[in-house]
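Read through the structure below, which is laid out as structure tokens, and then see the notes.
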Protein chains: 2
Amino acid sequence: MSAVPGAARASGPATARDAAAPAESHSKADRAYQSLLEGIQQGRFAPGSRLVLSQLADELGMSVVPVREAIRRLQHDDLVSYERNVGATVVGIDPVEYQYTMETLALVEGFSTAQCAPLVTAEELQRAREINARMRALLDDFDPVEFTALNKEFHATLFEHHQNPHILDLVHRGWNRLTALRSSTFAHVPGRAPESVAEHDQLLDLIAAGAPFQEIEAAARQHRANTLAAYMDTMAPAGQH
Amino acid sequence: MSAVPGAARASGPATARDAAAPAESHSKADRAYQSLLEGIQQGRFAPGSRLVLSQLADELGMSVVPVREAIRRLQHDDLVSYERNVGATVVGIDPVEYQYTMETLALVEGFSTAQCAPLVTAEELQRAREINARMRALLDDFDPVEFTALNKEFHATLFEHHQNPHILDLVHRGWNRLTALRSSTFAHVPGRAPESVAEHDQLLDLIAAGAPFQEIEAAARQHRANTLAAYMDTMAPAGQH
DNA sequence: CTGCTCCAGATCGTATACGATCCAGTGCCT
DNA sequence: AGGCACTGGATCGTATACGATCTGGAGCAG
């Protein structure tokens, strides 16, 4: 877990996290990484498209060496797949990989949320409720992109209180990966949105009531598992996109 | 999760995993990575010691470029800490980092063990029992190194059945990190060994009985949490070293 | 027409060279 | 004597150059 920016350890340059990082990084490799990361998350590099070193080096106005390093970081973030002597390609929305990512995220986010629960302040709880209210308001005139953004913000409020930086980093990576996989579940399974909002409220109630660790973890994990299940149900029988 | 060697995905060269990997890797960067990884795990590079690019390049008979890449991989495995324009140093046995690593491992290994439980064959269960028997035999004439090796083998038997390669990779990384942190808990807290063996048996019983997912996960997680707690108890009041 | 071989282009992998940055120790000034 | 500017060495960061490897297609044999 290379770095959670705000957190300790004299480790290296900012890995992943929030796409729109300040990037005070005075290193070309860092800039290349940030730039490519944003490019992938914003869909400027379509899934499956190749990332050619020399070409990117030209665009970014630098040599291939920093670009190469940036791509290897993206590889370890599982955002690109790499083949020796051939090159890198942006990962696509493989349903199997999606499942793996969601499972992993369910695990680490659930734990993280449960561990942070006692640390969440009253204001933050209030903020989370407001975000969820906005999500509910969006249900009528549904906009997957906006909804997904709010969803991310909602959960971030609940797990962002550090604790174990390793786990926090894993959560960030999972989210990054989902973001890169294109606009998330809700674009494919809009019917899941109302349940999701309802589960959010239940989760907040548990936290507010000071529920025990296991209960919160189970709820948070189940919440994500439900989203995954909804997606799988749509994909499996229907056939394809 | 760059690669779980046997598993799918055209991803890159072997990251971490089993220290003694075959290393068919025809890439200098890969060889450098393997070499450094072993060096760290075997303690040839002491914690805190610096890893100088040019120096390592000479020893390995290659240029600095592949060495640099190898070190960045080690950095992302959290085995070295890196500072820009200064260099890399092997991570030491910081109790806080140890705690983080154990917590994370408790999480992912617990889940992995629970998910693999239904897939474990009768022979594997038998093998695990034999390993644990050898561990029990070792209790009288205690040897931390041997004990730790068996411990790793024991758990590996239980979680090695893939499932979600991402999570499996996280488990491997956790173990690698512990290995690098020098000969594990049992050297510091030998008193923990008997309990550990007993808990192993309980865990095997649960798996053999086909216990529900949550029960197995809780047991496996608790098993590791207990080890961590034993370590923390020894460290906290005692003071140092 | 089919299948193989060979070749050329594209792309990566590594070596080498040079500039940038950091750290420690020296000497001067107060 | 104490503190600050300077300088030298060590080390990393990046650019450039060249060799290695892969991919796809043209051409030839069957």
Side-chain angles (χ1 to χ4, degrees), chain A residues 2-3 9-15 23-37 39-40 45-46 48-76 79-91, chain B residues 2-3 9-15 23-37 39-40 45-46 48-76 79-91:
Chain A
S2 323
R9 299 192 45 250
S11 217
T15 289
E24 165 57 27
S25 34
H26 270 175
S27 152
K28 299 204 176 183
D30 293 347
R31 285 211 309 275
Y33 177 75
Q34 286 297 333
S35 177
L36 290 178
L37 180 60
I40 291 176
F45 297 108
S49 65
R50 298 190 53 180
L51 298 177
V52 179
L53 292 185
S54 54
Q55 185 180 315
L56 295 171
D58 281 351
E59 288 176 18
L60 294 170
M62 62 181 71
S63 150
V64 298
V65 180
V67 178
R68 178 187 169 84
E69 179 170 326
I71 286 191
R72 296 226 97 115
R73 285 196 221 165
L74 291 172
Q75 178 191 2
H76 111 213
L79 294 179
V80 307
S81 92
Y82 195 85
E83 209 170 343
R84 184 177 155 81
N85 281 318
V86 175
T89 60
V90 181
V91 303
Chain B
S2 322
R9 298 189 48 245
S11 220
T15 288
E24 163 58 28
S25 33
H26 269 176
S27 151
K28 299 205 175 181
D30 292 347
R31 285 211 309 276
Y33 177 75
Q34 285 297 332
S35 178
L36 291 177
L37 179 61
I40 291 176
F45 297 108
S49 64
R50 298 191 52 182
L51 297 177
V52 179
L53 292 185
S54 54
Q55 187 179 314
L56 295 171
D58 281 352
E59 289 176 19
L60 295 170
M62 63 181 70
S63 152
V64 298
V65 180
V67 178
R68 178 186 170 85
E69 179 170 325
I71 287 190
R72 295 227 98 114
R73 285 196 221 168
L74 291 171
Q75 177 192 2
H76 112 212
L79 294 179
V80 307
S81 90
Y82 195 86
E83 207 170 344
R84 182 178 156 81
N85 281 319
V86 175
T89 61
V90 181
V91 301

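Reckoned from all heavy atoms, side chains included, excluding hydrogens, waters and symmetry mates. Proteins get letters first, then strands, A, B, ... in listed order; numbering begins at 1 in each.
The side chain of Tyr82(B) places an N or O atom within less than 4.0 Å of a non-bridging phosphate oxygen (OP1 or OP2) of dG13(D). For the OP1/OP2 pair of dA15(D) and a distance below 4.0 Å, the side-chain nitrogens and oxygens of Ser63(A) include at least one atom meeting the criterion. Residue Ser27(B) places at least one side-chain N or O closer than 4.0 Å to OP1 or OP2 of dT14(C).
Atom pair Arg84(A):CZ and dA20(D):P shows a separation of 12 Å (rounding to whole Å applied). Nucleotide dC22(D) holds its P atom 11 Å from the NE2 atom of His26(B), rounded to whole Å.
Considering only side-chain atoms of Asn85(B), the nucleotide from dC12(D), dT14(D), dT16(C) that sits closest is dC12(D). When distances are taken from the side chain of Val52(A) to each of dT11(C), dG13(C), dA15(D), the shortest belongs to dT11(C). Closest contact between the side chain of Val86(B) and the listed nucleotides dC22(C), dT14(D), dC22(D) involves dC22(C). The side chain of Arg68(B) sits closest to dC12(D) out of dA15(C), dT16(D), dC12(D).
A salt bridge links Arg68(B) to Glu69(A): at least one charged side-chain nitrogen sits closer than 4.0 Å to a carboxylate oxygen.
Rounded to the nearest 0.5 angstrom, Leu79(A) CG and Leu36(A) CG are separated by 10.5 Å. Note that CZ of Phe45(B) is 6.5 Å distant from OG of Ser35(B), once rounded to the nearest 0.5 Å.
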